[in-house]
Amino acid sequence: MEQKTQEEDQIVTPWEVAAEKGGKIDYDKLIDKFGCQRLDQSLIDRVARLTGRPPHVFLRRGVFFAHRDFSDVLDAYERGEKFYLYTGRGPSSEALHLGHLVPFMFTKYLQDAFKVPLVIQLTDDEKCMWKNLTVEESQRLARENAKDIIACGFDVSRTFIFSDFDYVGGSFYKNMVRIAKCVTYNKAAPSFPSSFPHLFSGKDSLRCLIPCAIDQDPYFRMTRDVAPRLGYHKPALIESSFFPALQGETGKMSASDPNSAIYVTDSAKDIKNKVNRYAFSGGQDSIENHRKYGANLEVDIPVKYLGFFLDDDAELEHIRTEYGAGRMLTGEVKKRLIEVLTELVERHRRARAAVTDESYACMMGSRHAPL
Amino acid sequence: MTSKFAELQIVFSQYEHPVVLTVEAQAKYVGHVKGALSKNLFLKDKKQRFYIVSALAETKVDLKVLSQRLGLGKGGLRMAPEEALAEILQVPLGCVTPFALVNDSARNVSLLLDQGFKSQECCFFHPLSNDMSIALNARDLDKFLNSIGKNPAYIDLEANPTVGKDQPPDLANLVPSDAAVLAAPVEKQSQGSEKNHISVNNQQNAVTGYICHMHHNDTFRPKLSSRNLLFVHCCDGQSMVLMCIVDLSLASKAVKPSNASTKEKSSGAASSSISYADTDKFVEEILEKTKSIVLSEIKEENAEKYREQLATLVSNNISKLGVELKNIATIFKNTAYTEGFKAGIHHQPKRM
């Protein structure tokens with residue numbers, strides 16, 4: 001007889017993410033269930049060695065923790081075969097929050113560290129259909145989102161951004177149809193270099209690495225199944241855990257609740273307010289209890305956020321130790337988080353201000369990206 | 001300072017006497033000793049650049065001629081005001097001396113030495129106060145000057161070459177490259193502090209650093225918002241607090257994509273050794289220069305005990321600065337590229 005617990009499994013699909021009742025997402029179980037692999041320390045060390053720089057904070061903290069075929073990509077890289085990066089965004093609302101920035105920040109690191117080209121897809125057509133927006137509105141949102149993405153600091157000379165409405169056609173569309181003949185899913189096309197003849201002409205064996213959140217794994221599994229049938233390499237994946245909402249580890253952040261997230265448009269005052277009022281605290285309910293028992297680091301959001309955005313490993317360790325022992329109070333941790341987030345958002349805003357319509361046009365233009 | 005002489009194995013004689021303000025007064029006390037007296041002038045030009053002219057007492061110095069030889073025109077040189085003596089040379093009245101260059105406030109002061117010193121067995125100069133005179137040989141003076149990073153320039157102060165269209169001013173290379181400006185952004189500190197201005201010479205002046213050197217727990221409140229600053233603290237509770245502040249707002253202003261010509265000007269002025277295409281190399285180079293300037297500043301001070309700690313602290317903070325600078329450099333590169341793209345590609349009809 002099947003165990004009753006099967007029905008209370010956690011749910012992780014591209015459309016819904018929910019933890020088991022009362023708990024948090026079990027990533028080990030997820031890796032097992034999906035069949036991808038853990039990004040272990042030896043891989044991280046290998047990345048550091050190959051790129052000649054310290055591994056990104058998201059690798060050190062286990063934010064990006066799973067992969068498919070990443071070691072193959074690294075093997076090829078060591079042999080002198082480059083790869084390209086592919087990531088995307090469905091432009092559904094104007095404001096980006098920190099959870100959206102996470103994959104882009106990591107992708108930027110990958111681009112800088114490995115010095116490889118990047119294609120960024122804006123699926124404005126999909127959003128137009130699913131979210132009942134007009135075509136023009138979708139395109140406008142795509143352009144606005146693109147500016148925020150560019151502000152993450154991608155190398156203009158090595159990055160190609162495209163919106164489906166603007167770009168689909170030609171070789172890209174041909175691949176879409178080829179794929180559609182195998183499966184009904186059509187987002188696989190950007191994983192294949194032949195979709196971008198002006199960027200990768202003659203390089204059909206170029207590998208593709210896709211940084212994404214782990215809930216996208218099922219999508220790309222389909223693409224990977226199709227690839228060999230079309231004579232292409234399977235795209236490799238490097239996958240991240242979920243960025244928790246401000247109010248706690250109940251799943252993903254939601255763009256519909258402004259207090260669940262810190263937005264790149266938030267002012268310093270907004271950030272301070274949101275963190276102080278809404279960030280879920282793992283501290284005890286009274287100072288005496290807190291000093292006695294320490295904070296619950298498993299559920300504390302400020303400490304988790306610092307894990308993402310505080311680069312200094314030593315300082316983070318210090319905070320975790322002191323806070324966990326009850327010697328540091330929630331207020332102090334929140335204060336430090338506010339500093340870190342404010343600096344991050346401020347830096348993004350400054351970069352965003354420098355992005356113009358021309359920057360976007362320049363990254364969209366049909367021209368060769370140097371490899 | 002005498003300890004520095006010992007370090008450099010400089011032979012000198014030291015004479016204490018009541019405070020003297022003139023060469024004549026000085027002669028009363030040390031005139032009997034073998035050694036040539038010097039007269040020292042502290043001068044400034046119209047562009048706020050400063051000079052010390054140090055000559056044998058008998059040498060005739062004509063400021064008008066000197067001004068022309070420096071390329072400053074006929075009336076370009078004047079005696080510097082008294083406040084400059086205190087602010088820049090940090091010596092009292094009547095105490096102008098080549099040794100004042102040991103102070104970092106005097107880093108942009110140009111030193112002109114009378115070639116007549118070379119033929120003397122020894123010459124008298126004040127150290128940093130005028131109740132003492134030090135006699136030493138010109139070679140040893142050179143040793144000292146070299147040790148503080150100065151290149152001694154001996155010239156024939158009485159020469160009067162023609163300066164005209166075909167005869168460029170012969171001393172033009174002795175004009176300081178930067179004006180010795182003590183910048184304003186840092187608020188007043190209490191007494192006993194010196195302000196040192198360093199600027200990293202990249203074309204946009206993106207990084208300006210100030211080292212403030214203070215004694216005895218002075219408090220320090222910079223005007224700039226803390227988000228733009230990096231602080232390096234080294235404090236033993238008793239004597240020294242050393243802080244390095246970098247104003248990053250200057251850098252971000254520099255990368256606003258205002259117009260294409262500004263960008264061209266900047267890249268034209270770029271030293272060929274810095275490669276803009278690689279933002280990382282660009283930033284590393286700036287940081288190396290900053291680091292070496294800052295660390296050399298530290299070595300100058302008598303922070304013997306703290307030098308190790310300070311060096312590490314400053315190094316670490318400058319590395320953090322590196323992250324900021326890399327972001328800024330990426331913005332700059334992207335903007336430059338976009339401008340190029342715009343210029344290279346005229347309007348293209350959009351693909352429908």
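A, B, ... follow the sequence lines: proteins, then strands. Residue 1 opens every chain.
- By the neighbour-count criterion of 12 heavy atoms within 6.0 Å, atom CZ of A:R349 is densely surrounded, having more than that number from other residues, nucleotides or ligands.
- For chain A, the nearby part of B:N327 is the side chain; its heavy atoms alone come within less than 4.5 Å.
- Contact of A:R53 with chain B is made through the side chain alone, with heavy-atom distances under 4.5 Å.
- Atoms CG and OG1, on B:N334 and A:T159 in that order, are 7.5 Å from each other to the nearest 0.5 Å.
- Closest approach of A:V156 to B:Y337, counting heavy atoms only: CG1-CD2, 2.9 Å.
- Nearest heavy-atom pair across B:I331 and A:A354 is CG2-CB, 3.4 Å.
- For B:T330, the part lying near chain A is the side chain, with the backbone staying farther off; criterion is any non-hydrogen pair under 4.5 Å.
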Given B:K326 and A:D112, is the side chain to side chain contact (heavy atoms under 4.5 Å, CB included) satisfied, shown in steps? CA-CA 11 Å; B:K326 281 174 188 171; A:D112 287 346; over 6 Å; no
